[in-house]
Amino acid sequence: AGPCDIYASGGTPCVAAHSTTRALFNSFNGALYQVRRGSDSATTNIAPLSAGGVANSATQDSFCAKTTCVITTIFDQTGRGNHLTQAPPGGFKGPAANGFDNLASATGAPVTLNGHKAYGVFIPPGTGYRNNAASGTAKGDQAQGMYAIFDGTHFNGGCCFDYGNAETSSKDTGNGHMEAIYFGNINVWGSGSGSGPWIMADLENGLFSGVNVKQNTGDPTITNRFLTAVVKGQPNNWAIRGGNAASGSLSTFYNGARPNASGYNPMSKEGAIILGIGGDNSIGAQGTFYEGVMTSGFPSDATENAVQANIVAAKYATTSQTSGPALNVGSSISLRATTAHFITHTGSTVDAQAVTSSSSTALKQQASWTVRTGLGNSACFSFESMDTPGSFIRHSGSGFQLMVNANDGSKEFAEDATFCTHAGLDGQDNTLTITSWNHPTRSFRHFNNTLNAASNGGVHAFDVTTSFNDDVSFVVSAGFA
Ligand code: AHR
């Protein structure tokens, strides 16, 4: 049985079921999600390998070969049509056209389930999905349950990486108008023990870890690579549970009264569904989603424990984040654009210049980069400046320009300076496309002799689709210096 078969036997059926990695009903063999490719804007749906099974990622890989793909829709598997699509503007605007949020890269979160490759939904700040017209989800003080599987190592302190019940207007309509699972380490509202991240409940105008509005030490810092997070609520009662999605059982971190603040008892749930954003379309958060459901009724702990056993049996595991020409940590490389210019830096600006073996020593050093283990994720790489040790290529701010900056030791710097290398999109054997780990729709792009982290067809001038594949492909060779 799948997770939703287990919830149904417990008398608390799924009213929304979302996953890009697998079917959540034993009999489900419809579309799990839709991707859109950059080359011609065509779309295709990805279904399970067989009913109840893992996503057929080979469909995506062939459809997206030699181009980019984003996830346009995460289909609802319950038959209610509660699909998740690109979130519209609300209290806050997103960075995409017309104030919409960005769509996630289709390849940012590769994993395996029982050895079969699949892709999760890797959500950078600015990215979000929503359904403001969902049917069957809890309204008012009605009971609901939810679980989601996240990457417990991908989080931040922005508002708010959520999955669950939110406002139908995309605006903050007051306390108690949401009941969603939150994951991250923002501590301006509630917090748990340690420095986070924590599983909390986003109930609007507050993230809650227990009965107190601020800290509840029963809610632990939790960082499992695959994390099961549970939030459920019914009149006068709610709970937080969690555990390792790859082994073992769930623990209960809170089960008790509604928070000590006005507006949260009774609740005023509205029944929209959000993923990766706050109720008012706050877009500051990041995280990774693999699967999740919302139920009608308050699931028993026993039902959730059976769901957790099903999740463990699905055997989520990590897989390679890179492809194409191999890079050796510690080696010096140079990277040549298809125009014959090399990636260089002039001070903190990353640029592109003609460099040859007879160039000055200074220029050869400016064109040489030491390959390091990724500062923000050890499965990928960082590129340290040869002539400015301790400084790395990173993308900077909302302009996504590439800069060479000194490592300030922050988590944000480490993540902005981490890139996963892939076989070049231009299809040549010796080229690399160098993709941002924390913004995986974006890759190093050589454009008018500037270097940016560009997204195919995005809103910046340097995102233009024309010549994208060539501009994001670099010939890798031994460093000039
Ligand atoms: O409750 C925390 C956040 O506050 C909500 O997600 C958002 O709607 C509001 O800004």
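Order of listing sets the numbers, starting from 1, for every ligand and every atom in it. The basis for the numbers below is simple: all heavy atoms, side chains too, and nothing from hydrogens, waters or symmetry mates.
The proximity of Glu167 to ligand 1, defined as any non-hydrogen pair under 4.0 Å, does not occur for either the backbone or the side chain. Of all the heavy atoms of Ala180, none lies under 4.0 Å from any atom of ligand 1, so neither backbone nor side chain is involved.
Residue contact check: Ser282 has heavy atoms under 4.0 Å from atoms 10 (O) of ligand 1. For ligand 1, the atoms lying closer than 4.0 Å to a non-hydrogen atom of Met178 are 5 (C), 6 (O). Listed by number with element, the atoms of ligand 1 under 4.0 angstrom from any heavy atom of Gly278 are 6 (O). Less than 4.0 angstrom separates some heavy atom of Cys159 from each of these atoms of ligand 1: 3 (C).
The side-chain heavy atoms of Leu402 and Phe444, taken from C-beta on, include a pair separated by under 4.5 Å.
Regarding atom 9 (C) of ligand 1, its nearest protein heavy-atom neighbour is Glu204 OE1, 3.0 Å. For atom 2 (C) of ligand 1, the nearest protein heavy atom (residue, atom name, distance) is Asp202 OD1, 3.4 Å. Of the protein's non-hydrogen atoms, the one nearest atom 10 (O) of ligand 1 is Asp280 OD2, 2.6 Å.
Here the OG-CD distance, from Ser27 to Gln77, works out to 9.5 Å after rounding to the nearest 0.5 Å. Once rounded to the nearest 0.5 Å, the distance linking CD of Glu179 with CZ of Arg258 reads 4.5 Å. For the atom pair Asn175 CG and Leu203 CG, the distance stands at 9.0 Å (nearest 0.5 Å).
Inclusion of Gly206 in the set of residues having an N or O under 3.5 Å from an N or O of ligand 1 is warranted. Residue-to-ligand polar distances keep Asp172 apart from ligand 1: every N/O pair is separated by 3.5 Å or more. Inclusion of Gly279 in the set of residues having an N or O under 3.5 Å from an N or O of ligand 1 is warranted.
We find that Lys269 and Asp141 are not joined by a salt bridge, their nearest charged nitrogen and carboxylate oxygen being 4.0 Å or further apart. Salt-bridge check for Asp301 with Lys232: passed, with a basic side-chain N closer than 4.0 Å to an acidic carboxylate O. With respect to Arg442 and Asp463, a salt bridge is recorded, a charged nitrogen being found less than 4.0 Å from a carboxylate O.
Ligand 1 lies less than 4.0 angstrom from a heavy atom belonging to Trp189.
The shortest heavy-atom contact between Gln142 and Thr137 is OE1-O, 4.1 Å.
Using cut-offs of 30° and 60° on the angle between ring planes, the pair Phe150 and Phe161 is perpendicular.
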